[in-house]
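What follows is one structure encoded as structure tokens, with my remarks underneath.
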4 protein chains.
Amino acid sequence: MSANEIRIPKQKRSIEKRTAIINASYDLFCEKGYYRTNTAEIAKAAGVSTGIVYSYFHDKKDILKEVVGLYIFRLEEQFRPIFCSTIDRGNIAVVIEKFIDLSIASHTMNAAAHNEFLALALLNNDIQVLFNHFESKMLETLYEKLVAAGYLGDLLLERLRICYGIIEQLCHEHIRYKRNDVELSNMKSIAISTIVGLLDMAMG
Amino acid sequence: MSANEIRIPKQKRSIEKRTAIINASYDLFCEKGYYRTNTAEIAKAAGVSTGIVYSYFHDKKDILKEVVGLYIFRLEEQFRPIFCSTIDRGNIAVVIEKFIDLSIASHTMNAAAHNEFLALALLNNDIQVLFNHFESKMLETLYEKLVAAGYLGDLLLERLRICYGIIEQLCHEHIRYKRNDVELSNMKSIAISTIVGLLDMAMG
Amino acid sequence: MSANEIRIPKQKRSIEKRTAIINASYDLFCEKGYYRTNTAEIAKAAGVSTGIVYSYFHDKKDILKEVVGLYIFRLEEQFRPIFCSTIDRGNIAVVIEKFIDLSIASHTMNAAAHNEFLALALLNNDIQVLFNHFESKMLETLYEKLVAAGYLGDLLLERLRICYGIIEQLCHEHIRYKRNDVELSNMKSIAISTIVGLLDMAMG
Amino acid sequence: MSANEIRIPKQKRSIEKRTAIINASYDLFCEKGYYRTNTAEIAKAAGVSTGIVYSYFHDKKDILKEVVGLYIFRLEEQFRPIFCSTIDRGNIAVVIEKFIDLSIASHTMNAAAHNEFLALALLNNDIQVLFNHFESKMLETLYEKLVAAGYLGDLLLERLRICYGIIEQLCHEHIRYKRNDVELSNMKSIAISTIVGLLDMAMG
DNA sequence: CATGAATGAGGATTCATTCAT
DNA sequence: AATGAATGAATCCTCATTCAT
């Protein structure tokens with residue numbers, strides 16, 4: 001075989017370097033876009049040489065995968081409060097509102113990242129897979145929590161997916177269009193009641 | 001100053017060339033993607049010289065804008081039956097189902113185009129604007145039809161936007177994930193009743 | 001398909017450009033070697049841009065093939081007097097000597113080219129094929145001339161191949177080692193008489 | 001000045017490392033070729049660090065020299081039976097046949113090595129020198145044996161060189177072209193009788 | 001108007017060699 | 001002495017755009 005293997009860094013310094021490359025790439029991809037960022041810029045921003053980048057990553061797309069992985073990891077972290085809390089009949093509306101607020105916040109805070117990485121997912125199947133995996137995991141977790149809260153499984157997953165679409169739409173309205181606060185607030189109220197309604201239909 | 005002026009073709013032959021370039025680009029962008037298609041290929045597929053392309057378009061991105069314009073024009077054509085039909089209390093569920101079917105059909109038939117152009121819209125604001133404009137126009141038309149059918153305007157537009165998100169989600173489920181027919185059919189039923197419900201809340 | 005096809009130049013200027021690239025490459029490959037010559041140097045020496053090189057050739061190796069083709073064409077030209085002359089019992093020794101002199105001359109004059117391209121043939125099958133083809137053609141032509149001169153076909157081709165080896169060795173002695181003139185002259189005499197003997201064994 | 005000094009290993013461990021590097025390189029150069037083998041691969045295959053390679057060798061080409069040295073050493077070993085045996089008038093044809101068989105065998109067994117190293121010799125004078133030295137030594141040894149067997153020195157060396165060319169040609173026919181067994185066998189017979197004839201001419 | 005040859009900057013990747021640890 | 005991480009120059013090739021004809 002060849003010796004051109006990818007180094008899996010174990011030592012502190014190596015891990016730091018790998019992380020620095022990912023972080024620098026993350027920022028550059030958000031700022032300039034993946035296609036307009038070249039490997040020399042990544043290396044410079046990460047404070048390493050161009051050559052070393054290829055010790056840690058197969059190629060530029062490999063860096064992208066890690067960057068998207070990081071983006072999704074951060075998404076998960078932002079949603080952790082939801083996943084850790086328990087859902088019951090009483091707090092469902094509150095939980096939904098919190099979920100919506102978190103979704104909007106994460107979309108808004110990282111609008112550039114969101115746009116860039118979602119676009120790349122559409123253009124590239126390897127990236128798409130990462131997003132699909134995240135989405136599936138999230139919906140399954142919510143599904144289990146709802147079942148535990150007494151919501152019946154009958155078509156619950158299908159309902160959840162539609163709820164997800166409602167929330168995504170809400171997020172897009174925030175970052176894509178310049179709606180005024182009243183409109184957004186009204187849409188949010190409608191979204192919450194629609195979602196509550198959708199879930200209640202699966203109630204005993 | 002004026003050397004870079006773009007010709008606005010008036011003569012038949014010129015218009016045909018411009019159209020040929022757009023059509024050829026449309027096909028190539030769907031087949032290979034925008035970034036993997038070069039201008040030499042476009043010219044060749046359109047049966048013109050590479051130089052002439054720059055008489056009709058400022059640059060490659062300018063071609064893309066026209067191609068997306070064409071894509072949206074075709075979308076509009078597909079939805080024309082809906083826009084031409086009248087909506088009333090009695091046929092609302094039927095109209096919604098038809099709208100959903102058309103949405104799914106247009107997404108599915110042009111999955112490649114949809115993915116490619118949506119991605120490019122996320123990466124490029126000029127393209128995003130075209131999509132936003134289409135979406136706004138469509139929702140406004142529906143809005144007016146609903147008002148004419150007796151649906152109250154109170155928050156109707158906000159409701160409509162949420163309905164749009166539900167339908168988009170349904171389409172994504174068709175093209176992104178390999179759901180089975182039963183799941184898709186169930187989601188569609190849920191979507192229809194949810195949308196009907198959302199609109200009925202705005203009923204007198 | 002793609003538009004990245006290789007241009008087959010028909011117009012004078014294009015043919016000149018293609019030829020200039022091949023000639024410049026020929027010289028550079030002889031002077032610095034194939035691996036130490038980069039495409040920018042080739043373009044510069046040919047008086048063209050780097051990009052245009054790839055309009056006429058698929059890649060660097062494609063240039064090499066043409067260069068070796070040119071080398072072999074020049075070899076053929078040098079041997080043409082032999083191929084055009086007739087062989088008979090009476091002049092066989094003279095023809096052999098002439099052939100040897102031509103071989104030595106062509107090896108000596110283009111020692112750098114010979115070394116470089118023979119080496120690349122050993123390293124690369126596409127190039128090897130060009131040389132093999134030349135060698136086969138040459139031997140077959142000689143074979144037919146000998147048959148016409150009354151030499152029997154029985155094992156004649158095998159004999160010819162051995163004669164070829166003798167001449168090659170003679171050439172190598174000229175370019176590889178610093179032999180003195182007497183030695184070389186003696187070797188030549190031995191070679192001639194050996195070859196004559198080898199061919200005579202196939203005489204009626 | 002002295003920082004670049006190459007260690008001449010005296011201790012057992014050092015010698016083993018040096019040898020491991022040469023052996024690993026030998027195999028890799030045969031398998032992948034010199035240009036496609038990088039120093040990291042060599043170090044890995046030899047079980048040493050990349051840095052240590054530069055303690056034992058000036059640079060990559062220095063390794064190549066040693067590898068070719070090893071190749072030639074192995075060649076010599078294969079021919080040792082010939083060099084150890086005595087030649088006389090009675091067994092000359094047998095010895096020649098044995099020499100031919102050994103030559104063909106060594107070429108065939110190490111066709112990859114033979115091609116690669118011969119090519120590199122053509123591209124690089126330092127390597128060429130190693131081969132020339134081997135060839136000279138071999139021919140001189142044979143020369144002396146022949147003289148001892150009563151063959152006259154008159155032009156004997158020149159004859160020998162031509163014989164060598166005949167044998168080389170025979171070997172090339174084996175590894176370069178796909179000749180059938182009958183052809184090869186015939187060529188071998190012709191070669192033997194030609195060589196015997198060439199040597200007999202120098203007989204008293 | 002039209003052509004398509006020509007440009008040349010730009011970009012991903014490799015690898016012999018060095019050097020801090 | 002030994003390591004292997006790090007360097008960064010070098011290279012092949014692409015392609016949007018221009019311009020001589």
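Fair warning: this is a prediction, and the values are worked out from it, not measured in the lab. Reminder, nothing fancy here: chain letters follow the sequence lines and each chain counts from 1.
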Kindly say whether N38(B) contributes a backbone atom to a donor-acceptor pair with the side chain of E41(B) at under 3.5 angstrom? yes

Verify the contact: side-chain N or O of S49(A) to OP1 or OP2 of dA6(F), cut-off strictly under 4.0 Å; return yes or no. no

Measuring to OP1 and OP2 of dA6(F), would you say a side-chain N or O of K17(A) lies under 4.0 angstrom away? yes

Phosphate oxygens OP1/OP2 of dA16(E): is one of them under 4.0 Å from a side-chain N or O of T39(D)? yes

Aromatic ring proximity F117(C)/Y26(C), centre distance under 6.0 Å: yes

Below 30° counts as parallel, above 60° as perpendicular, anything between as tilted: where do the rings of Y34(B) and F29(B) land? perpendicular

What is the distance, to the nearest angstrom, from the OH atom on Y54(D) to the C1' atom on dC15(E)? 9 Å

Could you give the CZ-to-P distance, from R18(B) to dC1(E), as a whole number of Å? 14 Å

How long is the line joining CD1 of I6(C) and P of dA6(E), in whole Å? 13 Å

Which part of the nucleic acid, if any, lies within contact of F57(D), taking any heavy atom under 4.0 Å across all strands shown: a base, the sugar-phosphate backbone alone, or nothing? nothing

For DNA chain E, whose closest nucleotide is more 5', that of S14(C) or that of A40(A)? S14(C)

Using whole Å, report how far CD1 of I52(A) lies from P of dA20(E). 15 Å

Let me know the distance between CZ of R13(B) and P of dA2(E), rounded to the nearest Å. 6 Å

In whole angstrom, give the distance that lies between atom NZ of K32(B) and atom C1' of dT14(F). 12 Å

If I take atom NZ in residue K60(D) and atom P in nucleotide dT14(E), what distance separates them, rounded to the nearest angstrom? 14 Å

Rounded to whole Å, how long is the line connecting atom CG of D62(A) with atom C1' of dT13(E)? 14 Å

Name the residue closer to the 5' end of DNA chain E, choosing between G51(B) and T37(D) according to the nucleotide with the nearest heavy atom. G51(B)

Donor-acceptor contact present, side-chain K44(B) to main-chain S49(B), <3.5 Å: no

With distance as the sole criterion, do the side chain of T50(A) and the base of dA9(F) form a donor-acceptor contact below 3.5 Å? yes

Give a yes/no verdict on a cation-pi contact between R7(C) and Y56(C), requiring under 6.0 Å between NZ or CZ and the six-membered ring centre and an angle within 45° of the axis. yes

